[in-house]
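Presented below is the structure to which this report refers.
Just so we're clear, the structure is a prediction, and the values are computed from it rather than from any experiment. Remember, it's 1-based here, ligands and their atoms both numbered in the order they're listed. Each residue takes its place number in the sequence, starting with 1.
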Amino acid sequence: MRGAEKQFETLVIHHGYDTTQHLGSLSVPIFQTSTFTFDTAEQGEARFAGQEEGYIYSRLANPTTRALEEKMACLEGGEAALAFGSGMAAVSAVLFALTKANDHIICSQGVYGCTFGLLQFLNKKYNISHDFCSMETEEEICRLIRPETVCIYVETPINPTMKLIDLEMIVRTVKEHGIKVVVDNTFCSPYLQKPLSLGCDVVVHSATKYIGGHGDVVAGIAVGRKELMEEVAKTTQKDIGGIISPFDAWLLLRGIKTLPVRMDRHCANAEKIAQLLKKHPLVSKVYYPNDPDNPDYRICQKQMKRGGGLVSFEIKGTKQDVQRFLNRLQLIKIAVSLGDTETLIQHPATMTHAVVPEEIRKSMGISDQLIRLSVGLEAWEDIWQDLEQALCSISQDAFS
Ligand SMILES: *Cc1c(COP(=O)(O)O)cnc(C)c1O
């Protein structure tokens, strides 16, 4: 089925798989196999020589994984995609492929903790240096560009403060320098944001989050131009080997079928919860991309279809009040990760960002009072009721 002719909602279900080639099986079969037999020695030779199409060994390619890669390439509007055993396997495979010793990376201020760790590893091992940049203006980025700069790495929205980066501005600023733009699109999924269509070079995902969507698999995806993805496939994916299992690829294929439906519900619920939090007397700040009071609202309107499923907020009180609030929740689960059917809540200062030194954390806008909510697919009334009763009980504590 050709990608360009159908709508996103149809492509998530049908693209990249032909039932007639698989005995009519409606669902993509799970090719739970490590290796593939050759009919003859000559066929084996031809496959290894690249003269004949066909499977060899599942670290190199697997039909279930291929179906997932086909689908993700289409949904992100890229030429090719590769699936990995985790988001970090995807991020590291791409960064290893794009850099060599002594190169330089520009990175958005506030990236996923393990991406931060990977940048430090690359620096220590291979002298690949990096600079963090708020990426608010072109000038700020231009000041950091050096002859060795090969890549600009961007997360938007930034976790957990929901700051946005203008991707079109980034592309405009660095294109003439031949710098590759890599975007971690985990928080949006291709339903809400399509960086490749804005001229970015590579999209990476923790498919653990919205792509899978059900909190039952850890996986990653990279999407980009064919030559680059082929290079990643033949080097950093094949030789470092962080591949996805066929069963996990199947779980993602299953999750993706409902991606647009889930994302719309995540967004609708999050919009509602953000509005209600804004009106609550014990909530001092609410961070949501698609909120007209958000300083980056203009960027959201430009590059995101809706505001996403994550809402961060600050409550009035101490760290102990925050912990008391979390402990009072009944429906909402205390957990890191995001994008699941269940509403999840976490405290960045003591959980996801605990390793960031306090001073840097504060400068990133992560106070002890900041809470991140991954709004799930439950009825918003029930999510709100749980938040409200827990907020209510801290206010009672404060007066008792
Ligand atoms: C979770 C996450 C990652 C890492 O993905 P894993 O699947 O846990 O390896 C990378 N980037 C972002 C934005 C994430 O939320």
Point to revise | Donor + acceptor pair across side chains of E388, H280 (<3.5 Å) | key: no
Exercise for review: Just jot down the ligand 1 atoms closer than 4.0 angstrom to any heavy atom of D184, in number order.
Suggested key: 10 (C), 11 (N), 12 (C), 13 (C)
Review point. Taking atom types as modelled and ignoring hydrogens, do the side chains of S284 and Q369 form a donor-acceptor contact shorter than 3.5 angstrom?
Key: no
Point to revise | Identity and separation of the nearest protein heavy atom to atom 14 (C) of ligand 1 | key: K209 NZ, 3.0 Å
Revision key, fill the gap. The option among F187, Y210, Y112 carrying the non-hydrogen atom nearest to atom 8 (O) of ligand 1 is Y112
Study note, to complete from the structure: Within 4.0 Å of some non-hydrogen atom of S86, the atoms of ligand 1 are 7 (O), 9 (O)
Exercise for review: With side chain to side chain contact (heavy atoms under 4.5 Å, CB included) as the test, would you mind laying out the steps for D321 and T318 before giving the verdict?
Suggested key: CA-CA 5 Å; D321 289 323; T318 61; 3.2 Å; yes
Point to revise | N/O donor-acceptor pair under 3.5 Å between N185 side chain and Q193 backbone | key: yes
Practice item. Please confirm whether F132 and H130 have ring centers closer than 6.0 angstrom. Key: yes
**Study point:** D201 side chain vs V181 backbone, donor-acceptor pair below 3.5 Å
**Key:** yes
Check your understanding: Can you check whether S206 has an N/O within less than 3.5 Å of an N/O in ligand 1?
Key -> yes
Exercise for review: Using distance alone, determine whether G87 and ligand 1 share an N or O pair under 3.5 Å.
Suggested key: yes
**Study point:** Residue, atom name and distance, where the atom is the protein heavy atom closest to atom 7 (O) of ligand 1
**Key:** T208 OG1, 2.6 Å
Check your understanding: For ligand 1, does A219 get within less than 4.0 Å through its side chain, its backbone, both, or neither, judged by non-hydrogen atoms?
Key -> backbone
